[in-house]
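Before any comments, here is the structure.
Throughout, a chain's letter reflects where its sequence line sits, starting with A, and its residues are numbered from 1. Computed over heavy atoms, backbone and side chain alike; hydrogens, waters and symmetry mates excluded. The shown structure was predicted, so the numbers you read here are calculated from the model rather than taken from an experiment.
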Amino acid sequence: MSKKKVIIDEQRCKGCQICIVQCKRGVLKLGNKINKLGYRYVEVNKIEDCTACGICAEMCPDVVIEVWKE
Amino acid sequence: MSKKKVIIDEQRCKGCQICIVQCKRGVLKLGNKINKLGYRYVEVNKIEDCTACGICAEMCPDVVIEVWKE
Amino acid sequence: MKVVYKKPEVLKNINFHFCPGCQHGLVHKIIAEAIDNFGIKDRCLAVIGVGCGVFLYDYFDVDSLEAPHGRGLAVATGVKRARPERIVFTYQGDGDLAAIGLAETVHAANRGENVSVFFVNNTIYGMTGGQMAPTTLLGQITTTSPYGREFQREGYPIRMAEMLATLEGVAFSARVALCTPKQLMDAKKAVKKAFQMQIEGLGFSFVEILSSCPTNWNMQSLDAIKRVEEEMIPFFPLGIYKERRVSDVL
Amino acid sequence: MKVVYKKPEVLKNINFHFCPGCQHGLVHKIIAEAIDNFGIKDRCLAVIGVGCGVFLYDYFDVDSLEAPHGRGLAVATGVKRARPERIVFTYQGDGDLAAIGLAETVHAANRGENVSVFFVNNTIYGMTGGQMAPTTLLGQITTTSPYGREFQREGYPIRMAEMLATLEGVAFSARVALCTPKQLMDAKKAVKKAFQMQIEGLGFSFVEILSSCPTNWNMQSLDAIKRVEEEMIPFFPLGIYKERRVSDVL
Amino acid sequence: MSSKYYFDFVFSGFGGQGILIAGNLLCYSAILENREVTFFPSYGVEMRGGSANCYVVLSDSQIGSPIPSHPMGSIIMSTPALIRFLPIIKNNGLVLINSDIISTDDINRKDLDIRLIPANKLSIDVIGNERLANMVMLGYLVSATKCVKIESLVKSIKEVVSEKHKKLIPLNEKAILAGAELFEKDKRC
Amino acid sequence: MSSKYYFDFVFSGFGGQGILIAGNLLCYSAILENREVTFFPSYGVEMRGGSANCYVVLSDSQIGSPIPSHPMGSIIMSTPALIRFLPIIKNNGLVLINSDIISTDDINRKDLDIRLIPANKLSIDVIGNERLANMVMLGYLVSATKCVKIESLVKSIKEVVSEKHKKLIPLNEKAILAGAELFEKDKRC
Amino acid sequence: MEKLFLRGSESLALGAIDASLKFYAGYPITPQNDIPEFLSKELPKVGGKFVQAESEVAKINMLLGASACGIRVMTSSSSPGISLMQEGISYLAGSELPAVIVNVMRWGPGLGGIGASQGDYHQATKGGGHGDYFVPVFAPYSAQEMYDLIIKAFDVADEYRTPAMILVDVMISLMKEKVLRRYDKGIKVKEKKWAFGSKKEGDQKIIKSLYLKGNDLERHNWKLYEKYQKMCQKEVLYEAYLCDDAEIILIGFGMIARIGKSAVDLARERGIKAGLFRPISLIPFPERELENLSTKCENFLVVEMNTGQMVHDIKRVVGKDHNIGFYGKPSSYAPNPEELYLKIKEYLEK
Amino acid sequence: MEKLFLRGSESLALGAIDASLKFYAGYPITPQNDIPEFLSKELPKVGGKFVQAESEVAKINMLLGASACGIRVMTSSSSPGISLMQEGISYLAGSELPAVIVNVMRWGPGLGGIGASQGDYHQATKGGGHGDYFVPVFAPYSAQEMYDLIIKAFDVADEYRTPAMILVDVMISLMKEKVLRRYDKGIKVKEKKWAFGSKKEGDQKIIKSLYLKGNDLERHNWKLYEKYQKMCQKEVLYEAYLCDDAEIILIGFGMIARIGKSAVDLARERGIKAGLFRPISLIPFPERELENLSTKCENFLVVEMNTGQMVHDIKRVVGKDHNIGFYGKPSSYAPNPEELYLKIKEYLEK
Ligand SMILES: Cc1ncc(C[n+]2csc(CCOP(=O)(O)OP(=O)(O)O)c2C)c(N)n1
Ligand SMILES: Cc1ncc(C[n+]2csc(CCOP(=O)(O)OP(=O)(O)O)c2C)c(N)n1
Ligand code: SF4
Ligand code: SF4
Ligand code: SF4
Ligand code: SF4
Ligand code: SF4
Ligand code: SF4
Ligand SMILES: [Mg+2]
Ligand SMILES: [Mg+2]
């Protein structure tokens with residue numbers, strides 16, 4: 001299995017949860033911490049399930065996700 | 001043959017000749033006199049050929065023709 | 001003797017100011033006939049655009065309101081909402097309705113305002129002396145398209161009857177001309193239909209009337225009418241583009 | 001490691017001011033990607049309408065001009081005529097483009113101005129706090145249609161992509177949405193096509209993008225997106241309504 | 001101001017009679033003679049009615065109002081023009097009336113220097129049609145007032161007329177001279 | 001003006017904390033006591049940022065500016081609110097800080113009467129959740145300043161709340177009284 | 001007579017309804033949106049029509065149509081939207097049609113900002129539209145005046161057959177205060193014989209602003225002017241606060257006058273005999289009243305939230321032999337009482 | 001340097017071409033149609049673009065777009081059309097974009113009439129649009145000045161990055177006179193570094209009028225104000241004709257000044273020491289110059305083709321201790337020299 005990276009800019013995530021719903025692998029989840037903008041932000045939960053398909057990043061309206069793979 | 005009357009308000013005719021062209025019976029002609037508006041106006045030339053079809057009156061853009069028949 | 005043709009009742013006994021052979025006069029007359037026909041003279045309220053038709057109130061014995069250039073259908077909206085019982089029609093030229101007034105026209109149509117619109121398309125700004133209108137034909141020379149209208153530079157002539165027909169709010173949209181007795185009869189029918197629709201509360205009705213402007217086309221009256229037939233009608237086809245039936249809204 | 005997804009180059013590293021889940025951000029991003037894609041960042045000149053998208057210049061590193069509310073396409077006409085070598089696009093909301101700016105929009109389209117138009121339809125005036133827009137759906141409650149939009153009173157939602165497609169001057173007209181990855185891909189294609197058309201000089205290109213406004217719809221982000229899919233798309237069907245080919249104008 | 005070089009005129013008639021052309025030509029001639037000039041045409045709603053008129057002022061210094069309240073000279077080519085302008089002509093002013101078109105019945109002032117000019121007829125005589133009646137009138141005016149030299153008038157025609165209409169120049173010249181001659185004749189009798 | 005009845009306050013926090021409701025209620029209570037009042041909310045671009053604040057002025061005569069430059073009292077429900085408004089509070093002014101949300105690190109004035117109020121905790125204590133922290137704060141303020149009677153406050157809730165939300169009245173009352181009690185307790189120690 | 005606690009904008013909208021408003025056309029623009037929002041809900045309940053127009057240009061012309069039918073009509077907008085209505089306002093004036101226009105000013109020029117501003121004084125009082133006409137303009141400074149003056153505006157509009165304007169800054173429209181709803185049973189409006197009724201009655205009625213024949217237009221323009229003169233006689237409104245013995249008089253309208261009162265109080269507390277003069281009707285301007293004051297007081301300090309507009313009128317009226325200072329604040333933040341007090345002090349010291 | 005015989009409107013249009021006009025957007029309206037008609041023919045010949053817009057609203061915004069690209073832009077219209085452009089003019093001012101706007105005034109309010117008028121003085125000089133800004137306004141009174149002042153307007157517009165206006169009555173635009181074409185070889189225009197070039201160079205350029213952050217907007221408004229102050233120092237134009245020893249000074253602009261000169265001549269012939277003061281720049285108004293005259297002369301008679309607009313500025317500048325008369329003629333027919341002479345006499349007698 002190759003390595004993947006899903007980088008979420010937590011200070012800019014607005015917690016809209018679109019990425020969470022779009023990720024069919026259930027990799028992402030909403031955290032409990034609040035960022036500077038005042039939102040609960042998304043965290044990577046199970047990176048091992050990620051296929052680096054990039055859909056979460058594509059669908060994020062605030063363009064705060066980066067996806068990398070080996 | 002029944003009687004017809006084509007009444008042209010000569011002081012208001014602008015001599016555009018539309019009625020003349022529309023009358024397929026050649027009843028009307030442009031006169032040589034000039035009216036108060038400064039236009040040569042239309043005259044009834046051969047009332048005997050008139051069928052009182054009303055087309056001249058219908059087509060006159062200044063609505064200055066009346067047509068009557070018996 | 002019996003009258004075969006006589007000027008409509010609602011028209012006052014006053015000279016049109018139009019140039020010789022200008023078909024604005026014919027448009028006035030068929031509207032007047034329709035008003036006589038329905039016996040709605042007292043209910044009618046004319047909203048008059050700015051253009052050669054601006055003096056309509058001098059000729060028609062109906063209550064009349066002058067609208068700022070292009071805003072006829074905004075004004076008519078105000079009138080009809082305030083007095084739904086009146087029969088409201090607008091009289092507007094192509095500069096008025098299709099250029100400066102386009103937004104007001106399309107939005108009133110889209111709202112389905114229950115008014116009748118008479119749109120005189122003579123491919124020119126008549127009153128101001130012959131400038132290019134949105135409806136000016138390709139190649140046509142006007143005082144502001146001295147090299148002839150070219151689509152790359154000045155765009156295409158706009159077809160209002162067709163465009164409005166695509167809107168939900170429009171009950172009736174037709175294009176007519178006045179060059180032959182047959183065309184005149186069709187035009188009369190369309191004008192009546194436009195009032196009929198309003199009387200029945202079916203929504204926005206629109207009649208585009210192709211008309212001549214001998215003065216600004218620099219033509220004799222008869223040549224001008226020939227131009228309507230030979231150049232305008234091919235580009236602006238006559239016909240009914242939309243007609244709503246009572247059953248459509250019930 | 002190789003990047004799978006990264007923000008487009010032309011977007012600056014600055015927070016969008018949009019509300020959580022608002023798809024304006026996605027629209028920004030797909031336009032940005034197309035600009036990166038064609039490598040036209042330096043040629044691009046954005047003409048920005050007044051609406052929630054008004055701060056586009058804060059996010060895009062391109063020359064930008066603010067247009068008065070609704071007048072984007074008149075402004076763009078001036079820009080493109082003055083600098084035909086620039087790639088000019090407008091970014092406008094439904095209030096901006098379809099209400100107050102309708103005449104400018106239709107006339108620029110009809111003139112075939114060689115510009116690309118990105119039209120964000122969220123069935124509401126977002127920036128001003130949720131009033132009824134021309135695109136507001138029937139029954140939709142807004143702050144100025146508190147009883148729900150009713151066609152007899154407020155008219156019909158207007159379908160811009162379809163209406164503009166009827167005009168000769170229009171080279172490309174399409175409607176897209178951003179709810180699913182598939183829709184997003186189609187939207188990207190349409191946006192690219194709109195730039196492509198301009199680069200090739202084919203005329204006016206128009207992309208209507210259905211978008212969410214969770215704030216003024218009083219909805220959670222995800223519900224708002226569901227509304228786009230379930231209520232908006234049925235009334236505003238996605239698709240390409242007009243596509244001119246080079247051969248059409250040669 | 002009468003000690004200085006100063007003239008003001010009104011020309012009036014129907015559209016198509018060449019009223020404005022006559023006014024323009026006169027101005028142009030004065031410019032050739034290095035004078036100050038103003039030319040002021042009628043405008044607006046008036047024009048629809050089919051009338052045309054213009055004011056011409058010639059001076060050797062800056063001109064104030066381009067619209068003289070009481071013009072010292074006039075060319076009148078239609079009955080409406082007569083009715084409108086006769087009342088405002090200056091006392092003892094010069095009024096040239098195209099008598100082929102206008103009946104003398106409407107002339108109701110006695111203090112004026114009124115000249116009845118059969119301009120249409122003269123035009124027909126010299127060029128074969130009545131189209132240059134305006135030039136006949138202008139020729140008469142210039143020779144009566146000496147506001148410019150006849151030669152300047154002729155020269156100005158040459159400068160104003162476009163290449164295309166060049167062949168009309170001699171005709172215009174003839175008409176002007178016919179007008180001028182008529183004045184000389186009038187003077188003699 | 002201090003001899004007369006006059007109070008001015010600023011209330012500030014995040015949107016959703018009930019800042020404006022608290023301001024409105026206070027005004028309403030003063031109206032019940034026949035006072036003059038002005039209520040001035042924040043507006044415009046500020047609102048997008050998620051902050052909410054309002055100024056309240058109570059007086060026994062016509063009120064001039066509705067925006068006191070240096071309010072004599074305040075309710076502060078967020079850190080940004082503290083940073084923004086602490087500097088402008090009047091010398092010796094009363095500052096009520098919701099200490100469940102705001103850290104005391106940012107408090108940098110010594111001349112103020114600052115009260116740290118665990119409003120969220122109190123709200124949870126009396127009504128089971130933190131939603132009425134605003135009422136706790138308001139209760140404290142009213143009882144500390146005596147700007148209106150606690151009874152008026154309670155009465156105004158009854159008048160303002162719609163039929164639908166009637167069941168919330170007793171909860172609001174409890175929260176207010178909790179705040180008021182806390183003040184009494186604070187006074188004692 | 002209900003006693004209510006209302007935002008200025010609500011108070012104004014309620015006043016309009018009590019004044020028997022029957023047609024409102026709106027278009028969204030910050031910061032006046034709460035007026036159309038209120039009316040879209042309330043107007044239908046009293047048989048009035050609410051229309052959201054496609055633009056400001058459209059809405060002013062909708063007003064023109066509805067007004068010609070004799071009902072009371074109104075719109076509200078904010079600065080850029082008011083600019084777009086200038087042609088329509090000129091037509092209303094020329095056609096002698098009553099209508100009430102509310103301008104909740106924001107910052108200009110252009111898109112500017114949405115904060116409180118008084119940048120449109122010139123536009124409102126000197127005719128932003130073409131041609132010779134004056135529109136009566138009222139500047140409320142409290143929620144109560146929002147109610148009272150909108151009613152006044154309707155009355156004046158009808159009486160003189162003219163558009164009338166409420167010019168207000170957003171602070172006044174946001175501020176909540178006590179309001180006496182004086183006409184909670186509504187106001188009876190006189191029938192307008194000149195207007196279009198349910199059908200044509202007697203002679204044809206023509207409502208227009210085009211006058212081409214003879215000197216009809218000159219007569220028409222003088223008629224409009226005489227209406228304005230009559231307003232100058234009969235409709236002037238102003239407030240003079242502590243002016244009688246004042247050594248310095250502050251002049252300002254709207255929120256500035258409100259803040260100015262506090263500043264005057266401050267100044268008096270500290271021994272400066274300050275007063276405040278507040279034009280309530282900006283057109284007709286309280287010229288005579290101000291002139292009278294100028295016989296008693298030498299020093300005037302004009303305060304505006306702009307770079308200097310009303311100050312020109314003050315100079316004209318008060319005359320060059322007086323000291324006329326100006327403090328302008330073209331920003332979204334209104335000055336506060338201390339600031340004005342300091343300006344007063346500063347001004348007297350130099 | 002060609003010597004030509006031109007109508008005022010032609011002279012103006014030719015001046016625009018010589019000033020290197022490169023973009024004109026027009027919309028028909030009487031009585032200014034000969035300007036677009038001339039330019040539609042001539043502008044393409046010199047590489048300029050002529051666009052007939054769908055409305056005045058559209059055209060002022062086309063100007064905004066083209067001006068942002070650094071070329072010289074212009075439009076012309078007449079009163080109602082100018083009203084429709086007020087929002088756009090305000091945006092041009094706020095965005096600091098140069099543009100020249102010609103108003104060949106007609107009668108208002110509303111559709112009014114098409115005769116000569118000066119009814120738009122207020123609109124032009126007091127900002128018909130919203131917000132705090134001044135547009136420099138020039139009032140030519142001869143065909144030569146139509147040529148010279150349109151060039152001046154372009155230069156001032158560029159120099160101050162502002163819209164500028166030519167305000168003229170139709171008589172001046174119809175009148176034919178001798179014109180020296182001073183710049184028949186054209187004028188070289190400075191490159192505008194702030195404008196959009198063929199492509200982005202260096203930092204992103206943003207042209208806008210929206211200022212939301214901090215007190216950016218206040219700074220921006222004061223900046224605009226300072227530009228205006230600078231104009232007041234540097235761009236004032238006026239003419240004083242026989243004013244030095246005058247016992248009465250006539251004041252008027254445009255055609256009125258022209259007729260006024262004849263009236264002054266008449267008066268002098270008849271023994272009245274009359275003079276004429278003519279503001280050529282209406283904004284900036286020649287305040288200092290007029291003030292100076294007011295130290296020497298007691299009597300002023302303001303003549304306007306309206307019911308009284310500029311007269312307010314005269315009152316402000318000249319002061320209340322002078323006699324300031326007004327003769328207004330809000331009609332399509334300009335007064336004639338005798339009429340003005342009689343007014344002078346009448347005025348002195350009472
Ligand atoms: C705001 C404004 N702009 C321009 C005009 C000038 N104007 C008067 S009529 C007219 C258009 C006339 O053309 P059209 O509507 O086609 O009517 P037509 O005379 O050809 O019948 C124009 C542009 C005006 N009155 N108001
Ligand atoms: C002349 C004018 N009228 C009104 C406004 C107020 N205004 C600002 S944005 C906007 C519309 C916003 O709606 P939309 O265009 O749909 O954009 P969205 O915010 O929904 O993306 C309006 C009406 C304005 N700025 N100028
Ligand atoms: S890259 Fe694909 S699989 Fe991985 S988190 Fe994103 S959506 Fe889920
Ligand atoms: S889509 Fe983007 S903004 Fe929304 S929750 Fe996911 S990362 Fe955050
Ligand atoms: S009625 Fe018919 S036949 Fe008779 S003149 Fe007229 S057109 Fe000819
Ligand atoms: S159609 Fe009418 S106006 Fe024309 S010539 Fe015949 S009668 Fe005269
Ligand atoms: S100008 Fe044209 S449209 Fe107008 S009346 Fe004359 S012919 Fe008819
Ligand atoms: S108001 Fe609506 S459109 Fe505007 S940013 Fe928020 S969600 Fe998006
Ligand atoms: Mg036309
Ligand atoms: Mg929107």
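In this model, no donor atom of one side chain and acceptor atom of the other lie less than 3.5 Å apart for H/Thr162 and H/Glu96. A donor and an acceptor atom, one from each side chain of G/Gln32 and G/Ser76, are located under 3.5 Å apart. Using modelled atom types, one finds a donor on one side chain and an acceptor on the other under 3.5 Å when comparing H/Glu339 with H/Tyr327.
Contact record, H/Pro163 with H/Pro136: O-CD, 3.2 Å, taken as the closest heavy-atom pair. Closest non-hydrogen pair, H/Leu212 versus G/Gly113, comes out as CD2-CA, 4.0 Å.
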>> Checking H/Asp313 against H/Arg316 for the salt bridge (charged side-chain N to carboxylate O under 4.0 Å, His left out) test, could you report, in this order, the C-alpha distance in whole Å, the side-chain angles of both residues, the deciding distance, and whether it holds?
In response: CA-CA 5 Å; H/Asp313 284 325; H/Arg316 177 173 52 81; 3.0 Å; yes
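Of all the listed residues (H/Gly94, H/Gly308, H/Gly128), the one sharing the greatest number of non-hydrogen pairs under 4.5 Å with chain G is H/Gly128. Between chain H and the options G/Gly129, G/Ser78, G/Pro80, G/Gly319, heavy-atom pairs under 4.5 Å are most frequent for G/Pro80. Heavy-atom pairs under 4.5 Å with chain H were tallied for G/Gln309, G/Lys329, G/His220; the largest tally goes to G/Gln309. Between chain H and the options G/Ala124, G/Pro109, G/Ser117, heavy-atom pairs under 4.5 Å are most frequent for G/Pro109. For the options H/Val317, H/Leu92, H/Ile314, H/Val57, heavy-atom pairs under 4.5 Å to chain G are most numerous at H/Val317. Among G/Arg219, G/Arg106, G/His312, the residue making the largest number of heavy-atom pairs under 4.5 Å with chain H is G/His312. Chain G forms the most heavy-atom pairs under 4.5 Å with one residue out of H/Gly119, H/Ser209, H/Gly110, and that residue is H/Gly110. Contacts with chain G were tallied for H/Met105, H/Glu87, H/Lys126, H/His130; H/His130 has the most, counting heavy-atom pairs under 4.5 Å. Contact count versus chain H (heavy atoms, under 4.5 Å) is highest, among G/Asp321, G/Asp120, G/Asp132, for G/Asp132. Contact tally against chain H (heavy-atom pairs below 4.5 Å) for G/Met85, G/Gln86, G/Gln118, G/Lys320: the top residue is G/Lys320.
Only the side chain of H/Leu224 comes within contact range of chain G, judged by heavy atoms closer than 4.5 Å. H/Ser95 does not touch chain G: none of its heavy atoms, backbone or side chain, sits under 4.5 Å away. If you measure heavy-atom distances from G/Thr307 to chain H, the contacts under 4.5 Å come from both the backbone and the side chain. At a 4.5 Å heavy-atom cutoff, G/Asn215 makes no contact with chain H through either its backbone or its side chain. For a residue to count as touching a neighbouring chain, one of its non-hydrogen atoms must lie under 4.5 Å from one of that chain's; by this rule G/Ile82 does not touch chain H.
G/Phe300 and G/His322 have tilted rings, their planes meeting at an angle from 30° to 60° on a 0 to 90° scale.
No donor-acceptor pair under 3.5 Å is formed between the side chain of H/Ser67 and the backbone N or O of H/Leu97. Side-chain N or O atoms of H/Asp169 include one that pairs as donor or acceptor with a backbone N or O of H/Met255 at under 3.5 Å.
At most 12 heavy atoms of other shown residues, nucleotides or ligands fall within 6.0 angstrom of atom NZ in H/Lys223.
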